[in-house]
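What follows is one structure encoded as structure tokens, with my remarks underneath.
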Amino acid sequence: MAAAKLSPADSLSFCLAQLTAAAGEGLGGGKDTATNETPLGRALLALRTRHVKAAGGIERFRARGGLRPLLAVLRRAAATGPAPSQAGPGSAPSSVESAASGPAPSPGPAPSAVSSSTPSPPALLRKTLDLALSILANCCTEGECRAEVRRLGGIIPLVTILQCVKTDSIQNRTARALGNLAMEPESCGDIHSAGAVPLLVEGLTACQDSQCRQSVVRALRNLADSPQHRLALAKQGVVRPLAELLAAAPDPALTLALVRALLELSRGCSRACAEQLSLGGGLGPLVSLASHPKRAVREAAILILANLCAQGLVRPALGNAGAVEVLLGELRRRRDPSGASAASQQPLVRAVCLLCREAINRARLRDAGGLELLMGLLRDPRASAWHPRVVAALVGFLYDTGALGRLQALGLVPLLAGQLCGEAGDEEEEGREAASWDFPEERTPERAEAGSFQSLRSWLISEGYAAGPGDISPDWSPERCPPPPEPASRASPSLGPTSLRTPRALRPPGRSPAATAPEEPWGREGPALLLLSRFSQAPDPSGALVTGQALCGLLAYVTGAPGSPSPRALRILARLTCNPACLEAFVRSYGAALLRAWLVLGVAPDDWPALRARPARRSQHQHRELGEMLLQNLTVQAESPFGVGALTHLLLSGSPEDRVACALTLPFICRKPSLWRRLLLDQGGLRLLLLALTRPAPHPLFLFFAADSLSCLQGLVSPTVSPALLPAIPLDLDPPSPCLYEPLLGPAPTAAPDLHFLLDSGLRLPAQRAASATASPFFRALLAGSFAEAHMDLVPLRGLSPSAAWPVLHYLHGCRGCRAALGPVPPPGQRLLGSEAEEALEAAGRFLLPGLEEELEEAVGRIHLGPQGGPESVGEVFRLGRPRLAAHCARWILGPGQCPRRRALALVGLVEAAGDEAGPLTEAFLAVMMGVELGARVPAS
């Protein structure tokens, strides 16, 4: 097949030459009688249909310098003057192929003659503009072309064409070119400065062609590239016509373009944007589009609704339109394990929390299951960044009794307690425009008060926000109120609107402004404390607040706050400890023991058993005073007739766990001897506590609490019975007694031995038969009886090492306190089981030497339970299984000057050493506390 003949218009050089000629000479030119086209028209058509659309064609067109003459052609067309308006909107051709063709007169100063066959100039101008604008719009899809068009000043001609030529096709292509140029931030600013926005809005309302509207909407969307530009667009009335178009149920393509533009315009939604969207009737259609089958439309509509929630003035209308249910449903869907990512949930979480600021929306949210959804967010550690916002939203339900009951049943209180010391979220602060619309801004320039303000003031007084009419001004609202006057600025003029700020705390009822205390700090923990305070005001808040988790959260905040803790937290603790209904809960949950350990002793759960590194606490004395005050409150409740009955019932008729908890708590909150003696000593509470030491711990700090409780009980018993502690005398300062065995030793003994004991090691130890037989019934029978050893000068002693035999020989010869008993005792830190000390003790028992046993036990106690010994030594000593040593261990733990941490660590070692055998441990503590001596033996005569 023969190749088709190429026309001159197929050449890019020919097209560029025609553009250059038209830019220099004008838009007219001679008509080709064969094709009935001008050379410029043929060039533009070839550029549009062949060169620009070809692969790499735009880059070649730009590199050959085609943009400059193309813009010059557009400038000449714009300078020709406004197009005639006799053609109605939409009557102009929408494509080049449907445009009328014909030569146009030269735009020079002397117009050429027009023949009868030449079409009218507007038709030729429209065709030229259609082609040139289409080429420019296509070229502006590439970044380098957009930059060069801006450098060549191509924005102003486009704005001029937009203003002068009111034809749908021209408006469509101009808007498309401007929309492409707006993709560059610099060009976007120039388009705004050129005044294109009002012209685009005018074209949007005037044109009827859907393609033209889509191009205009897209251009407006691209112009909303920054918060400043979005605000400028909203102030120029862009949003309302978009909303009105959306309400008119346009075709699907235009609907998608509208929701995409509204989504961009509603980012960081301004007041003007929200007002226009509401006045334009766009809320209802957006709610309907939230269930659109097309995903892009559906998600854009949902995000627009979420963005609108940032404006309080439109939130009631959103609720009426059904946005609450829509947003909750979408958030619930995205919260599903197979749903969207956490980042996509953030705007919905923010919107749902903002909806909680109006009463009407709170009711809808509660009925739609929103409380459960918010609680799910609080429980999710992955949503920790949103927790402060969710807690602040729940403050809106502060006086909704039904909602509070539901939240408490869902476990809100422990979560709030955990929020007190949690990390701050990364959520941005909301502006004044996001404040609750239940309290709209209402200003009265004069002192005359409007009726609506009088109603609002009456409601504030009835709800306790204000004590009387003089407490608030017509400008008051819970979200915006004047700050208290500073002493130095009392003579200054009245505060203006710009000086208003969000209050940190509401004024308590019944106080006048002059008598109001300094403002309480309102930090990140403020909402959680406000809700906890509301829960604590219930008649019986014990089930929610007097639990281990809730108390730990409150105490961690009070002791760990960077600055001074909020007085509200202290009032919550005081309110709980003064409530008789909470007494049993404090006992069951070990709350009283926790208060004493954390506040009075300074030992938090994190500090046990290993001490956690933390900065020095400068306010430890304040914590101690607080703890003593709270325990005193509990003491008042415990010693009241109601408290006595409650504690007696717990100890005698409660569950095993409750009885142990009651016995442990009694020494902390009972000061009446008749009460604690009857419950702990007479009715077996102390024995019950001691038997529980070797069982599984019901609380992580149980052994610490138990050691502290036993010490406190010993302090109560001490006026009548005081445990005899080992003397704290250093061994090097304790003068030894004279040694009576030493004269038998050495190569030249001063007293001649008549007997030698032979050990298994072969060592021979000198002795005197008469002294040895007198010291012990065993040796009396062995050396002076009918046994063969009575006639032997070398008597074997089996199973005895030299170190263990040394104190035996000293004791047999009358040594008492010569320090021979210290020899087999290892230093602190070494094991006693299997040591020579244990062997010496066994030998003393085997040889019937109770005095030596006592002396050896005292030596073990002096070394391992003295100043050089530590808590770990207590368990080692107890493992020897000696009743007197067990009593020494109990005395060490119950000692009045002992460090609480060391005391508790010693009890831990004691319990580990006791194992499952609770009897010896229990008897040792009972003997020490009751003043009974264990292991006493009467020596044989």
Side-chain angles (χ1 to χ4, degrees), residues 239-240 242-250 252 255-256 258-263 265-267 269 271 273-336 339-340 344-377 390 393-394 396-397 400 402-403 406 433-434 436-438 440:
V239 180
R240 182 164 184 172
L242 295 177
E244 291 173 348
L245 268 181
L246 188 65
T255 299
L256 177 59
L258 287 169
V259 294
R260 291 183 65 191
L262 288 174
L263 175 59
L265 288 166
S266 65
R267 295 186 190 278
C269 186
R271 182 179 184 130
C273 176
E275 284 180 339
Q276 293 179 43
L277 219 161
S278 178
L279 294 174
L283 300 184
L286 284 173
V287 172
S288 300
L289 291 174
S291 58
H292 196 276
K294 193 170 184 178
R295 178 179 177 181
V297 176
R298 181 175 64 253
E299 292 186 351
I302 291 172
L303 290 178
I304 295 170
L305 294 173
N307 293 340
L308 288 173
C309 291
Q311 290 295 325
L313 64 94
V314 80
R315 284 198 295 266
L318 283 172
N320 292 333
V324 174
E325 293 77 8
V326 167
L327 292 173
L328 284 176
E330 181 64 16
L331 179 57
R332 192 175 290 111
R333 185 189 67 81
R334 297 189 184 187
R335 292 281 303 160
D336 188 76
S344 66
Q345 301 173 27
Q346 191 271 341
L348 298 176
V349 173
R350 175 174 176 266
V352 170
C353 292
L354 289 172
L355 287 171
C356 294
R357 298 192 176 188
E358 285 76 34
I360 185 65
N361 289 332
R362 287 197 296 271
R364 292 189 175 95
L365 185 139
R366 180 190 60 206
D367 296 339
L371 296 179
E372 291 77 5
L373 188 58
L374 292 176
M375 288 296 298
L377 288 169
V390 174
L394 293 177
F397 298 92
D400 188 341
R406 180 61 180 155
E433 295 174 346
S436 172
W437 202 243
D438 287 346

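- Between Leu355 and Cys309 the shortest side-chain heavy-atom distance falls below 4.5 Å.
- Arg362 places a side-chain N or O within donor-acceptor distance of the main-chain N or O of Gly396, the cut-off being under 3.5 Å.
- Between Leu286 and Leu308 the shortest side-chain heavy-atom distance falls below 4.5 Å.
- The two residues Leu256 and Val259 come nearest to each other via the heavy atoms O-CG2, 3.2 Å.
- Residues Ala247 and Pro285 share a closest heavy-atom pair of CA-CG, 3.7 Å.
- A salt bridge links Arg366 to Asp400: one of the charged nitrogens lies within less than 4.0 Å of a carboxylate oxygen.
- Considering every non-hydrogen atom in both Asn361 and Pro316, the closest pair reads ND2-N, 4.0 Å.
- Taking CG of Leu373 as the start and CZ of Arg332 as the end, the distance is 5.5 Å to the nearest 0.5 Å.
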- Task: Given side chain to side chain contact (heavy atoms under 4.5 Å, CB included), test Glu330 with Val326 step by step and report yes or no.
- Result: CA-CA 6 Å; Glu330 181 64 16; Val326 167; 5.5 Å; no
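- Between the CG atom in Leu263 and the CG atom in Leu258 there is a gap of 12.5 Å [rounded to 0.5 Å].
- You'll find the side chain of Leu289 stays beyond 4.5 Å of the side chain of Ile304, heavy atoms only.
- Under a 3.5 Å cut-off, the side chain of Arg315 and the backbone N or O of Arg357 do not form any donor-acceptor pair.
- Here the side chains of Asn307 and Cys273 are not in contact, with every heavy-atom distance at 4.5 Å or above.
- Minimum interatomic distance between Ile302 and Leu327 (heavy atoms only, all atoms of both residues): O-CD2, 3.8 Å.
- At a threshold of 4.5 Å between non-hydrogen side-chain atoms, the residues Leu265 and Leu242 count as touching.
- In this structure, the side chain of Gln276 engages the main chain of Val239 through a donor-acceptor pair within 3.5 Å.
- Two residues are said to be in side-chain contact when any heavy atoms from C-beta on lie closer than 4.5 Å; Leu354 and Arg350 meet this criterion.
- Note that the CG atom of Leu303 and the OG atom of Ser266 stand 8.0 Å from one another [nearest 0.5 Å].
- Put simply, CD on Glu299 and NZ on Lys294 are 12.5 Å apart, with the number rounded to the nearest 0.5 Å.
- Here the shortest heavy-atom pairing between Glu325 and Ala368 reads CG-CB, 4.4 Å.
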- Task: Begin with the C-alpha distance, continue with both residues' side-chain angles, and end with the deciding distance and a verdict on side chain to side chain contact (heavy atoms under 4.5 Å, CB included) for Glu275 and Val314.
- Result: CA-CA 7 Å; Glu275 284 180 339; Val314 80; over 6 Å; no
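- Among all heavy-atom pairs drawn from Leu277 and Ala243, the shortest one is O-CB, 3.9 Å.
- Using a 4.5 Å heavy-atom cutoff, the side chains of Val324 and Leu318 are not in contact.
- For the atom pair CG (Asn320) and CG (Leu283), the distance works out to 9.5 Å, reported to the nearest 0.5 Å.
- By the 4.5 Å heavy-atom criterion applied to side chains, Leu328 and Glu372 are not counted as neighbours.
- Note that CG of Leu371 and CG of Leu394 are 7.5 Å apart. Values are rounded to the nearest 0.5 Å.
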